[in-house]
There are 2 protein chains.
Amino acid sequence: MFVGKRIKELREEKGMVQRQLAAALEIDSPMYSKIERGERRAKREQVIELARIFEIDVDELLTLWLAGQIYEIIKDEKVAKATLSFVEMKL
Amino acid sequence: MFVGKRIKELREEKGMVQRQLAAALEIDSPMYSKIERGERRAKREQVIELARIFEIDVDELLTLWLAGQIYEIIKDEKVAKATLSFVEMKL
DNA sequence: TAAGACTTGTCAGAATTTGACTAAAAGTAC
DNA sequence: GTACTTTTAGTCAAATTCTGACAAGTCTTA
């Protein structure tokens with residue numbers, strides 16, 4: 001989701017096509033396309049590999065990847081903000 | 001997890017035993033025990049029902065329930081706080 | 001010991017996720 | 001327009017995870 005949008009930006013900046021990144025991740029292009037669009041979730045290892053390929057800080061991409069997962073859980077919740085505050089307190 | 005700890009407190013305050021709550025949720029006692037200890041995840045409907053039984057604000061319990069799910073995702077992540085900040089910004 | 005409360009472990013069926021495949025759609029160049 | 005590449009959409013079986021139930025265990029109290 002968030003990570004999908006970001007890797008699409010990065011891919012286009014680098015002038016690459018989906019097929020190339022799919023090959024690097026050893027998945028097929030349709031699958032990579034779905035990851036970019038947030039239809040499928042990337043694996044942690046794939047996120048790390050993508051950061052390596054795009055030469056950006058892996059933490060940036062991992063943050064987006066995790067954020068997408070969390071967002072999916074609370075996006076429609078009335079108590080979303082309270083939940084985040086609670087978790088932050090517990091960290 | 002968080003919700004498990006809380007419903008245990010509430011149950012003991014009310015002087016109830018697990019068997020009674022298991023019956024109310026139409027699950028067996030071992031299952032309820034696991035929910036309390038965070039070994040199994042309660043369903044949303046069960047959380048709502050528990051709030052009703054204990055006569056507390058359903059939002060309180062839902063917050064703890066959601067928080068547990070989120071905590072599981074980011075608890076060991078170096079970027080945990082950054083992730084929460086990002087999600088909060090996106091809400 | 002007996003009885004009740006709670007926990008642990010296992011297991012099959014259900015539900016979800018995964019990766020691959022096909023083919024359609026969209027975009028590009030000729 | 002056609003031919004070609006890229007991207008997206010849809011389907012499917014295999015793999016994985018989740019679920020609920022059961023049996024048997026521990027622990028406490030009477």
Side-chain angles (χ1 to χ4, degrees), chain A residues 1-54 61-62 64-77, chain B residues 1-54 61-62 64-77:
Chain A
M1 223 256 263
F2 300 126
V3 78
K5 180 160 178 270
R6 185 72 182 108
I7 63 177
K8 180 173 183 179
E9 287 171 2
L10 290 163
R11 176 174 63 80
E12 290 171 345
E13 280 174 20
K14 297 271 180 181
M16 301 176 79
V17 294
Q18 293 184 348
R19 176 178 42 79
Q20 295 174 288
L21 292 159
L25 302 183
E26 298 179 272
I27 56 179
D28 66 5
S29 302
M31 179 73 76
Y32 181 83
S33 171
K34 285 167 189 176
I35 290 173
E36 256 191 15
R37 285 174 294 117
E39 196 180 311
R40 292 292 179 94
R41 175 176 303 170
K43 294 185 168 181
R44 184 188 196 79
E45 272 305 302
Q46 294 171 331
V47 174
I48 293 167
E49 177 64 10
L50 287 170
R52 205 190 56 72
I53 292 169
F54 292 134
L61 230 44
L62 280 176
L64 296 176
W65 179 67
L66 292 166
Q69 295 175 49
I70 290 173
Y71 186 80
E72 276 306 303
I73 293 175
I74 60 170
K75 63 172 185 240
D76 297 325
E77 298 286 347
Chain B
M1 225 255 263
F2 300 126
V3 78
K5 179 158 177 270
R6 185 74 181 105
I7 62 177
K8 180 173 183 180
E9 286 171 2
L10 290 163
R11 176 173 64 82
E12 290 171 345
E13 281 175 18
K14 298 270 181 183
M16 301 175 79
V17 294
Q18 293 184 345
R19 176 177 42 78
Q20 295 174 286
L21 293 159
L25 302 183
E26 299 179 88
I27 56 178
D28 67 4
S29 302
M31 180 72 75
Y32 182 82
S33 171
K34 284 167 189 175
I35 290 173
E36 254 190 17
R37 285 174 293 114
E39 194 181 313
R40 290 293 179 95
R41 174 176 304 170
K43 292 184 167 180
R44 183 188 196 81
E45 272 305 302
Q46 294 171 332
V47 174
I48 292 168
E49 177 64 9
L50 287 170
R52 204 190 56 72
I53 293 169
F54 294 135
L61 229 44
L62 280 176
L64 296 176
W65 178 68
L66 292 166
Q69 295 174 49
I70 290 173
Y71 186 79
E72 276 306 304
I73 293 175
I74 60 169
K75 62 174 188 242
D76 296 325
E77 298 286 347

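Here is the naming used below: chain letters follow the sequence lines, and residue numbers restart at 1 for every chain. None of the values given here were measured: they were computed from a predicted structure.
The shortest distance between the side-chain N/O atoms of R19(A) and the OP1/OP2 oxygens of dT8(D) is not below 4.0 Å. When the side-chain nitrogen and oxygen atoms of S29(A) are compared with OP1 and OP2 of dT7(D), none of them lie within a distance under 4.0 Å. OP1 and OP2 of dT18(C) both lie 4.0 Å or more from every side-chain N or O belonging to K43(A). Listed pair Q18(B) / dT7(C) meets the phosphate criterion, a side-chain N or O lying under 4.0 Å from OP1 or OP2. Close to dT8(D), at under 4.0 Å from its OP1 or OP2, lies a side-chain N or O of S33(A).
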Side chain to side chain contact (heavy atoms under 4.5 Å, CB included), that's the test. Do I7(B) and Y32(B) meet it? Break it down for me. CA-CA 10 Å; I7(B) 62 177; Y32(B) 182 82; 3.7 Å; yes

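In this structure, OH of Y32(B) is placed 16 Å from P of dT8(C), rounded to the nearest angstrom. Residue I35(A) contributes atom CD1, which lies 14 Å from atom P of dT7(D) at whole-angstrom precision. Between D28(A) atom CG and dG10(D) atom P the separation is 16 Å, expressed in whole Å. Protein atom CD of Q20(A) is 11 Å distant from nucleotide atom C1' of dT6(D), rounded to whole Å. Rounded to whole Å, atom C1' of dT8(D) lies 12 Å from atom CZ of R11(A). What separates CD of E72(B) from C1' of dT17(D) is a distance of 15 Å, to the nearest Å. Spacing between atom CD1 of I27(A) and atom C1' of dT18(C) amounts to 11 Å, rounded to whole angstrom units. Between the CE atom of M31(B) and the P atom of dA21(D) there is a distance of 6 Å, given to the nearest Å.
Between the side chain of R40(B) and the base of dG20(D), a donor-acceptor pair under 3.5 Å is found.
Within 4.0 Å of K8(B), counting heavy atoms only, lies no atom of the nucleic acid at all. Counting non-hydrogen atoms under 4.0 angstrom, R37(A) reaches the backbone sugars and phosphates but no base.
By the 6.0 Å contact criterion, NZ on K5(B) is open, its count of non-hydrogen atoms from other residues, nucleotides or ligands being 12 or less. Crowding of E12(B) atom CD: a count of heavy atoms from other residues, nucleotides or ligands under 6.0 Å exceeding 12.
R11(A) contributes a side-chain N or O that, together with a main-chain N or O of M16(A), makes up a donor-acceptor pair within less than 3.5 Å. Between the side chain of E36(A) and the backbone N or O of S33(A), no donor-acceptor pair lies under 3.5 Å.
Projected onto DNA chain C by closest heavy-atom contact, K34(B) and M16(B) fall at different nucleotides, the more 5' of which corresponds to M16(B).
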